[in-house]
Amino acid sequence: MQGILAGIITSIDVIGLYVLMPNVRYRFFLSVWTAALHMLFPLLGFELGHFLVHFLLEWGQWISSILLFCMGLHLLLFSRKDEKVTISPILLAVTASLDAFSVSVSFGMLHLEEAVFIISAGVSALICSYGSLVIASRSQVLLGNKLQIITGVFLIIMSVLAIRQ
């Protein structure tokens, strides 16, 4: 049960990022790509964690936290501008999945069941990303940049919580 819950929690940040992308053409492809990365990165994390435990435990959460903070700050700073900065959806999926790598090292040390966590993270990422992309395409007109501000604040809070672990 812990592995399933951990996989779901690891995938929730995808919602905050993808709900801001209303014009994604291939939603299902991006969702599958994100799910695959949410499975690949933890697999790499579990495997490499055996060799790099001390380094990644010390620096992994800082890197993840800094990335989340920068994305949140970027969203807040550009929420008032009418122009939208675009990022490749494939690169965004990689960025959204990086935290699963550092988290999986910690879970590996806790002897969490690897296969259950990886499958849970992948399925959760697929559901969260596809659902967010569908919501974004329908609600962008209603919520406008308020959604971007909420997501920016959410990512900054997640970055602070990642540091405090």
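Quick caveat: nothing in here was measured; it's all calculated off a predicted structure.
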Distance (rounded to the nearest 0.5 Å) between Phe41 CZ and Ile118 CD1: 13.0 Å

OG-CD1 distance between Ser120 and Ile4, expressed to the nearest 0.5 angstrom: 6.0 Å

Joint cluster assignment, Phe117 & Met39, ILVMFWY side-chain distance < 4.5 Å: yes

Nearest heavy atoms of Ala121 and Ser11, plus distance in Å: O-OG, 2.9 Å

side-chain hydrogen bond (donor to acceptor under 3.5 Å, both in side chains) contacts touching residues 28-39 (sequence neighbours left out): Tyr18-Thr34, Ser31-Ser129, His38-Ser97

Point-to-point distance, once rounded to the nearest 0.5 Å, from CZ of Arg27 to OG of Ser132: 11.5 Å

ILVMFWY cluster, Tyr130 and Ile127 together (side-chain gap under 4.5 Å): no

Between CG on residue Leu37 and CG on residue Leu44, distance to nearest 0.5 Å: 10.0 Å

Same cluster (ILVMFWY, side-chain, under 4.5 Å), Leu126 and Val14: no

Check: Phe29 and Val32 side chains under 4.5 Å, non-hydrogen atoms: no

